[in-house]
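The analysis underlying the following values was restricted to heavy atoms, covering all of them including side chains, and did not include hydrogens, waters or symmetry mates. Here is how names work: the chains are called A, B, and so on, in the same order as the sequence lines, proteins then strands, and each is numbered from 1. Since the structure is predicted, the reported quantities are computational estimates derived from the model, not experimental observations.
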Protein chains: 2
Amino acid sequence: MTLDPDLFSDCGTDRPLIRIGDKWTMKIIVCLRDGPRRFGELIVPLRITAKVLTESLRAMERDGLLTRTAYGENPPRVEYALTPLGRTLLEPLAAICAWSAAHQPEVLRARSA
Amino acid sequence: MTLDPDLFSDCGTDRPLIRIGDKWTMKIIVCLRDGPRRFGELIVPLRITAKVLTESLRAMERDGLLTRTAYGENPPRVEYALTPLGRTLLEPLAAICAWSAAHQPEVLRARSA
DNA sequence: CGGGATCCAATGAGATACTG
DNA sequence: CAGTATCTCATTGGATCCCG
């Protein structure tokens, strides 16, 4: 059987809906797993610049994956927290992590050959 | 509890091992799911240029996800097939597809708001 | 502290033309 | 048919400086 020429026509854009494989989305999800975090708290483990972190957080906020809460204090304090929707991403994330953990050596062996 | 500054230090590179979210890898896996396919057969549903398809296939071959078999015929015939390792990617792929199918409307609603 | 503004480098990927 | 060779462009992400 030959492949359907329109096999991927229902994908909307040509990218997957959520850029699940981009550099930051999944790592941010992991960082927020155990509760809300502040901007400066996220910067440290991610080793990300403020600009890129801001862009990533805004994009995830637009998609309903997390919420941004600014408290009118001085110095300013802002907290980011996963929404229930964002939390559902933990499941496919776990599947990818499991695959990676299970097959990483195999890939590295193939790559070095 | 504050975040471990070295939370992601064991990730090797800063990218996930397999670029599971890049534009082509997963789509190619889907195309090869039901058996070997020829180069020209892959081009049609993917709507990809020959150059990019070649690059993607070579990268996946290096990682041991698929095999390339050239038959010494004229006109040339080349077939690509998933390895057992490549086939194991179908599982996390299914998890992502399930998430996308389940939550796509929700994301689109958030995005348009 | 939590950004915004600006500039810049690397990568991915498309278009086009050519070939064994 | 199954590529290769160039060229070009858009996007991502990093560096640096500045601000309320």
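Regarding B:R37, its CZ atom lies at a distance of 17 Å from the C1' atom of D:dC1, rounded to whole Å. Between A:W24 atom CH2 and D:dG13 atom P the separation is 8 Å, expressed in whole Å. The distance between atom CZ of B:F39 and atom C1' of D:dC1, rounded to the nearest whole Å, is 9 Å. Counting to the nearest Å, the P atom of D:dC1 and the CZ atom of B:R38 are 8 Å from each other. Taking atom CG of residue B:N74 and atom C1' of nucleotide D:dC1, one finds them 9 Å apart after rounding to whole Å. Distance CD (B:E73) to P (D:dG3): 13 Å, rounded to an integer number of Å. We find that CG of B:L46 is positioned 15 Å from C1' of C:dG14, with the value rounded to whole Å. One atom, CD1 of A:I43, and another, C1' of D:dG13, lie 14 Å apart when rounded to the nearest Å.
Annotation: side chain of B:M1 is not in contact with side chain of A:D34 (no heavy-atom distance under 4.5 Å). Between A:W24 and A:L53 the shortest side-chain heavy-atom distance does not fall below 4.5 Å. Residues B:M60 and B:I28 are in side-chain contact: their nearest non-hydrogen atoms beyond the backbone lie under 4.5 Å apart. Contact annotation: the side chain of B:I48 never approaches that of B:L42 to less than 4.5 Å [non-hydrogen atoms, C-beta and beyond].
The residue B:Y80 sits close only to the backbone: its heavy atoms come under 4.0 Å of sugar-phosphate atoms, none of a base. Contacts of B:R68 with the nucleic acid, taken as non-hydrogen atoms under 4.0 Å apart, involve only primed sugar atoms and P, OP1 or OP2.
Of the residues in residues 52-59 of chain B, those lying under 4.0 Å from DNA chain D by heavy-atom distance are B:T54, B:R58.
For C:dG14, the base has a donor-acceptor partner in the side chain of B:K51 [N/O atoms by modelled type, under 3.5 angstrom].
Closest contact between the side chain of A:K23 and the listed nucleotides D:dG13, C:dC1, D:dG3 involves D:dG13.
Toward the 5' end of DNA chain D, the nearer of the two residues A:P76 and A:I48, judged by each one's closest nucleotide, is A:I48.
The backbone N or O of B:P5 sits less than 3.5 Å from a side-chain atom of A:R47, completing a donor-acceptor pair. The main-chain N or O of A:R33 is found under 3.5 Å from a side-chain atom of A:R87 such that the two form a donor-acceptor pair.
When each of A:L57, A:T67, A:T69 is checked for a side-chain contact (heavy atoms from CB on, under 4.5 Å) with A:Y80, only A:L57 meets the rule.
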